[in-house]
Amino acid sequence: MQPFTVAVIDIIKHIPKGHTMTYGQVARLAGHPRAARQVARILHSSSAKYLLPWHRVINAKGEIALNDPDKVERQKSLLEAEGVVIVGKRVVTGNNSTVKDF
């Protein structure tokens with residue numbers, strides 16, 4: 001596994017409940033600030049295998065980035081259960097974006 005992939009998985013594993021990070025924040029902390037799309041690919045392919053809290057990763061606009069309505073509702077429910085406020089169907093507000101050292 002590539003070092004960047006290992007770093008991304010570790011960062012996502014450590015996003016606390018009730019907090020979110022953007023794909024770009026994860027990429028920046030993992031050492032590649034322009035690799036947000038790669039973070040999305042890693043998250044998609046590794047969430048189940050590594051039990052990642054995938055629902056805590058959102059896009060740069062503070063929105064749920066999924067297109068499938070069922071998956072949007074699943075992510076919304078998981079975030080709301082952790083105390084994150086969702087306005088409408090997709091916009092995450094009042095989120096406690098977390099950027100910290102790992």
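Reckoned from all heavy atoms, side chains included, excluding hydrogens, waters and symmetry mates.
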Closest non-hydrogen atom pair between [X] and [Y], with its separation:
| X | Y | value |
| --- | --- | --- |
| Ile12 | Pro53 | O-CG, 3.2 Å |
| Ile42 | Ile9 | CG2-CG1, 4.1 Å |
| Lys17 | Glu82 | CA-OE1, 3.6 Å |
| His55 | Leu79 | O-CD2, 3.3 Å |
| Thr22 | Ala60 | CG2-CA, 4.0 Å |
| Ala30 | Val8 | CB-CG2, 3.8 Å |

### Query
Tell me, do Trp54 and Lys71 make a side-chain contact under 4.5 Å, heavy atoms counted?
no
### Task
Please list all pairs passing the ring-ring contact (aromatic ring centres under 6.0 Å, His included) test where one or both residues lie in residues 21-45, with sequence neighbours left out.
Phe4-His32
### Same apolar cluster (I L V M F W Y, side chains within < 4.5 Å links), Val26/Met1
yes
### Query
Only one of Leu66, Ile86, Val84 forms a side-chain contact (heavy atoms from CB on, under 4.5 Å) with Lys76, so which one is it?
Ile86
### Task
Check for a donor-acceptor pair, side chain of His19 on one end and backbone N or O of Ile15 on the other, with a separation under 3.5 Å.
no
### Query
Any sub-3.5 Å donor-acceptor pair from Gln75's side-chain atoms to Val57's backbone N or O?
yes
### Message
Within this structure, what is the NE2-CE distance for the pair His14 and Met21, rounded to the nearest 0.5 Å?
### Response
12.0 Å
### Query
In chain order, what residues pass the side-chain hydrogen bond (donor to acceptor under 3.5 Å, both in side chains) check against Gln38, with sequence neighbours excluded?
Arg41
